[in-house]
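Data first, discussion second: the structure below is written as structure tokens.
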Amino acid sequence: MIKITFPDGSVKEYNEGITSLEVAEQISPRLAKEVLAATVNGEVTDLTRPIIKDSRLVLHKWDDEEGKHAFWHSSAHLMAEAIESLWPGTKFGIGPAIENGFYYDIDPGDHVMTDADLVMIENRMKELSAKNLNFKRKDVSKKEALDLFSQKGDEYKVELIGDLADGTISLYSQGNFTDLCRGPHLPSTEHIKAIKILSLAGAYWRGDEKRRMLTRIYGITFPKQKMLDEYLLFLEEAKKRDHRKIGRELELFTFSQKVGMGLPLWLPKGSDIRTTLIEFLTGILRKRGYKIVATPHIGNVNLYKTSGHYEKYGADSFKPISTPQEGEQFMLKPMNCPHHCEIYNATPHSYKDLPLRMAEFGTVYRYEQSGELHGLTRVRSFTQDDAHHYCRPDQLREEFKSIIDLVLYVFKILNFNEYTAQISLRDPNNKEKYIGTDENWERAERDIIEAAAEKNLETVVVPGEAAFYGPKLDFMVKDAIGRKWQLGTIQVDYNLPERFDLTYNGSDNQKHRPVMLHRTIFGSLERFVAVLIENTAGKFPLWLAPEKAVILPISEKYNDYARKVLELLNNSDICTLIDERSEKIGKKIRDNELKRVPYLLIVGEKEEESGTVSVRKQGEGDKGSMKPEEFAEFVAAEIKKEIAL
RNA sequence: GCCGAUGUAGCUCAGUUGGCCAGAGCAGCUGAUUUGUAAUCUGCAGGUCGGGGGUUCGAAUCCCUUCAUCGGCUCCA
């Protein structure tokens, strides 16, 4: 007999060799039907593997990540089986479960996969899953595995096996399909009831752009059709929040092929939002002791040779521009830091002056590959809310913490509650990729980790993601369909102070090297506004709304009164318009609701007589009437509430 | 840049296997209407069917090429 401990702490005895599935069956038939995978002593495994010693057991259903993972991973195998049966000779790369669904990278040989094939795959998968095929695991030696896949001609699998240690290799089979796989898998395909093959894309083998491009097929499956329907509905709904669509509908920004791809044109209303954000942040920065600076959009090539950016990124930037006569070369600035370092160098600094916080809304230009461009989130010209903190090494941690505070403050005002904070460290196995001393790196990494901890910031630590000049902390926010975008970032840099020979006089009257922090809060105004649009579906908070209210006269008879109200509100600094069209009130309300105007002010006979406006709040309907002055105060108070924390 | 898909009016979309002068709704402009909380009616205008080649008696439709966009990959200072 063996003892099995459950998550609630209870312990039961079973025969040695019992499987997790059998344990579930003994608990309840219903559980046995729903359970998808198990964790035995901390290791996620198949439900059908025998348990041979005293163990801790966790049974995973759909709601657990582990359950979904096994489900989608098994679905990937099912898809591979379908593909192999449709196009024998297809070679397989890898086919993992992902956050939403799964994919498989395949090499279809001469067959070019198209969307029509996706439907065929989907249908074949449905046929196969209906057969209730069992997933069977087999542990094999490296030689056996190599022989099997060499024989099959699956060169990608052979390459993968080559990297694995003998004794750790397992195969999973279902139906006529066998795959190299660590598992775990579902007991059988019968759980996979709802199947959708979503899309098709190219993907480089092992993520290396120098290697062959395989065909990646994305799919998603669910245990119930209803869940699939809901997921597809969610995707449809999310598309409505796409910032590119809303940006066009609300006339916020546009792109022009004549101007060039990836170069956003801000329309008046979008520009209003942008300006409001800049003014908002500038106010905060002044309070926090930042100095605002301004620098040109170009810089001499030598500036970037000094900074090291030319060597490292010159090829990826826009090519330098030359002067007609003297042959000087200038670059469109890809970042603001070199300029800021020269501002630092313009005046002598004492240890008493530090930290020096230098901020600029700096527009930068970066050559992004054409396929990378994406609405406002990935562009070739964008304005960073950039700042550099020059500080003494002993001030680094406090500076770091103050920036975390600032980021969280701004996120809170904007209701960005679902962000990920990622600490990016250097790859300990590849130290030569980075510059700077071990001592500095260790100190900087420790400072970041501890600063984040002291701020109770929940973080994900990712080694190998640091910038070449220092570790960093990034803040990521999701868009409507769940893609993550990096907004704010805080980076420690020992490199530029060195390259620009930045110094300050210490209390010992010796020259010392300051440490530099790069930081953004919004990241860039373009990306920030994009994420803001997707998070609010264009229903901006009042303080950011380009138009606070629109006055809707019941008929043209009340246009004069409407103009009086308009003047009063605009004088109170509340941006307001009149809808003077000779449309019925219902139509005017509808149109302005669709434009996401926060408040509609209806004026007719009643209001003119009593000197009031009828207030209608976006999405909420009639709020009763008040005097225009009261409305102005009300709006001012609302805005104050929104941006005061 | 790479793989796949898409490209018809400002926007959303129709346009059978190639065949009269390329259609609709919304938006725009006219005129009527003077309206009480999510769509009043009339008329007009608007398109080199992304661009360029080709096949054909004839191309939005078929082929080639190019540009842009979308979904991914790679990249992201």
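Each chain gets a letter, A, B and so on, in the order its sequence line appears, and its residues count up from 1.
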Provide the distance between the two P atoms, one in rA22(B) and one in rU61(B), to the nearest whole Å. 14 Å
Does K484(A) pair with D479(A) as a salt bridge, N-O distance under 4.0 Å? no
Taking any heavy-atom pair under 4.0 Å as a contact, classify G604(A): base, sugar-phosphate, or nothing. base
Could you tell me the separation between the CD1 atom of I94(A) and the P atom of rC73(B), rounded to a whole number of Å? 12 Å
Among rU74(B), rG36(B), rU37(B), the one nearest D622(A) by side-chain distance: rU37(B)
Could you tell me how the ring of F222(A) sits relative to the ring of Y231(A): parallel (under 30°), tilted (30 to 60°) or perpendicular (over 60°)? tilted
Separation of the C1' atoms in rG1(B) and rG10(B), to the nearest angstrom: 32 Å
Using atom CG of D117(A) as one end and atom C1' of rG71(B) as the other, report the distance to the nearest whole Å. 17 Å
What does V112(A) touch in the nucleic acid at a heavy-atom separation under 4.0 angstrom: a base, only the sugar-phosphate, or nothing? sugar-phosphate
Under a 4.0 Å threshold between the charged nitrogen and the carboxylate oxygen, would E360(A) count as salt-bridged to K333(A)? yes
Ignoring hydrogens and geometry beyond distance, is the side chain of Y204(A) in donor-acceptor contact with the base of rG1(B) at under 3.5 Å? yes
Taking atom P in both rA24(B) and rA32(B), what distance in whole Å separates the two? 25 Å
Using atom P of each nucleotide, how far apart are rC13(B) and rG50(B) to the nearest Å? 15 Å
Which part of the nucleic acid, if any, lies within reach of R581(A) when heavy atoms closer than 4.0 Å are counted: base, sugar-phosphate only, or nothing? nothing
Please determine whether the number of non-hydrogen atoms from other residues, nucleotides or ligands lying under 6.0 Å from atom CG of D163(A) exceeds 12. yes
Is a salt bridge present between E372(A) and R380(A), judged by a nitrogen-to-oxygen distance below 4.0 Å? no
With rounding to whole Å, what would you report as the distance between rG58(B) and rC67(B) at their C1' atoms? 28 Å
Counting side-chain heavy atoms from CB outward, which of rA5(B), rU37(B), rA39(B) is closest to K587(A)? rA39(B)
Could you write out RNA chain B as a dot-bracket string, with dots for unpaired bases, | for bases paired across to another strand, and Watson-Crick or G-U pairs counted at under 3.5 Å? (((((((..((((.....[...)))).((.((.......)).)).....(((((..]....))))))))))))....
If you take any heavy atom closer than 4.0 Å to RNA chain B, which residues from residues 248-265 of chain A end up in contact? R248(A), Q257(A), M261(A)
If the plane angle is over 60° it's perpendicular, under 30° parallel, otherwise tilted; pick one for H69(A) and H73(A). perpendicular
Salt bridge present between E534(A) and R527(A) (N-O < 4.0 angstrom): no
Does Y365(A) or K606(A) map to a spot on RNA chain B nearer the 5' end, using the closest nucleotide for each? K606(A)
Between rU69(B) and rC11(B), how far apart are the two P atoms, rounded to whole Å? 14 Å
Q491(A) and Y469(A): CA distance, side-chain angles, deciding distance, side-chain hydrogen bond (donor to acceptor under 3.5 Å, both in side chains) verdict: CA-CA 9 Å; Q491(A) 310 181 353; Y469(A) 49 75; 2.4 Å; yes
Classify the nucleic acid contact of S307(A) as base, sugar-phosphate or nothing, counting any heavy atom under 4.0 Å across all strands shown. nothing
May I have the step-by-step check of side-chain hydrogen bond (donor to acceptor under 3.5 Å, both in side chains) for Q422(A) and S424(A), ending in yes or no? CA-CA 6 Å; Q422(A) 176 180 313; S424(A) 302; 3.2 Å; yes
Remember a base hit wins even if backbone is also touched, and classify K584(A) as base, sugar-phosphate or nothing at under 4.0 Å, heavy atoms. base
What's Q486(A) touching, base or sugar-phosphate or nothing? Going by heavy atoms closer than 4.0 Å. nothing
Confirm from the modelled atom types if E372(A) and rU74(B) form a donor-acceptor pair under 3.5 Å, side chain to base only. yes
Contact class for A203(A) vs. all strands (heavy atom < 4.0 Å): base, sugar-phosphate, or nothing? sugar-phosphate
Separation of atom CZ in R244(A) from atom C1' in rU69(B), rounded to whole Å: 9 Å
rC70(B) P sits how many Å from K245(A) NZ, rounded? 14 Å
Within the pair S370(A) and rG1(B), is there a side-chain N or O less than 4.0 Å away from OP1 or OP2? yes
Determine the interplanar angle of the Y599(A) and F631(A) rings, folded into 0 to 90°, and report it as parallel if under 30°, tilted if 30 to 60°, perpendicular if over 60°. perpendicular
Is there, by distance only and without an angle test, a donor paired with an acceptor across the side chain of R378(A) and the base of rC75(B) below 3.5 Å? yes
Basic-acidic side-chain contact under 4.0 Å: K587(A), D591(A): yes
Does the Lys NZ or Arg CZ of R216(A) fall within the cation-pi geometry relative to Y103(A) - under 6.0 Å from the ring centre and within 45° of the axis? yes
Calculate the interatomic distance between L594(A) atom CG and rA39(B) atom C1'; express it in whole Å. 9 Å
How is G371(A) classified with respect to the nucleic acid when contacts are heavy atoms under 4.0 Å: base, sugar-phosphate, or nothing? base
Is there a donor on the side chain of S582(A) or the base of rU34(B) sitting less than 3.5 Å from an acceptor on the other? no
Roughly how many Å is it from CZ in R216(A) to C1' in rC2(B), rounded to a whole number? 13 Å
Atom-to-atom span, OH of Y469(A) to C1' of rA77(B) - whole angstrom: 6 Å
Would you please confirm or rule out a distance under 4.0 Å between OP1 or OP2 of rA38(B) and any side-chain N or O of R616(A)? yes
I want to confirm an ordering. Mapping E209(A) and V603(A) to their closest nucleotides on RNA chain B, which one lands closer to the 5' end? V603(A)
What is the distance from CG of N592(A) to P of rA39(B), rounded to the nearest Å? 13 Å
Are Q329(A) and N300(A) close enough, and set up right, to give a side-chain hydrogen bond (donor to acceptor under 3.5 Å, both in side chains), and what steps lead you there? CA-CA 6 Å; Q329(A) 290 202 304; N300(A) 195 296; over 6 Å; no
Expressed as a whole number of Å, how far does the P atom of rG19(B) sit from that of rU12(B)? 26 Å
Donor-acceptor pair present, Q369(A) side chain and rU74(B) base, under 3.5 Å: yes
With a cut-off of less than 4.0 Å, is there a side-chain N or O of R527(A) near OP1 or OP2 of rC76(B)? no
Considering every strand and a 4.0 Å limit on heavy-atom distances, what is the contact class for E607(A): base, sugar-phosphate, or nothing? base
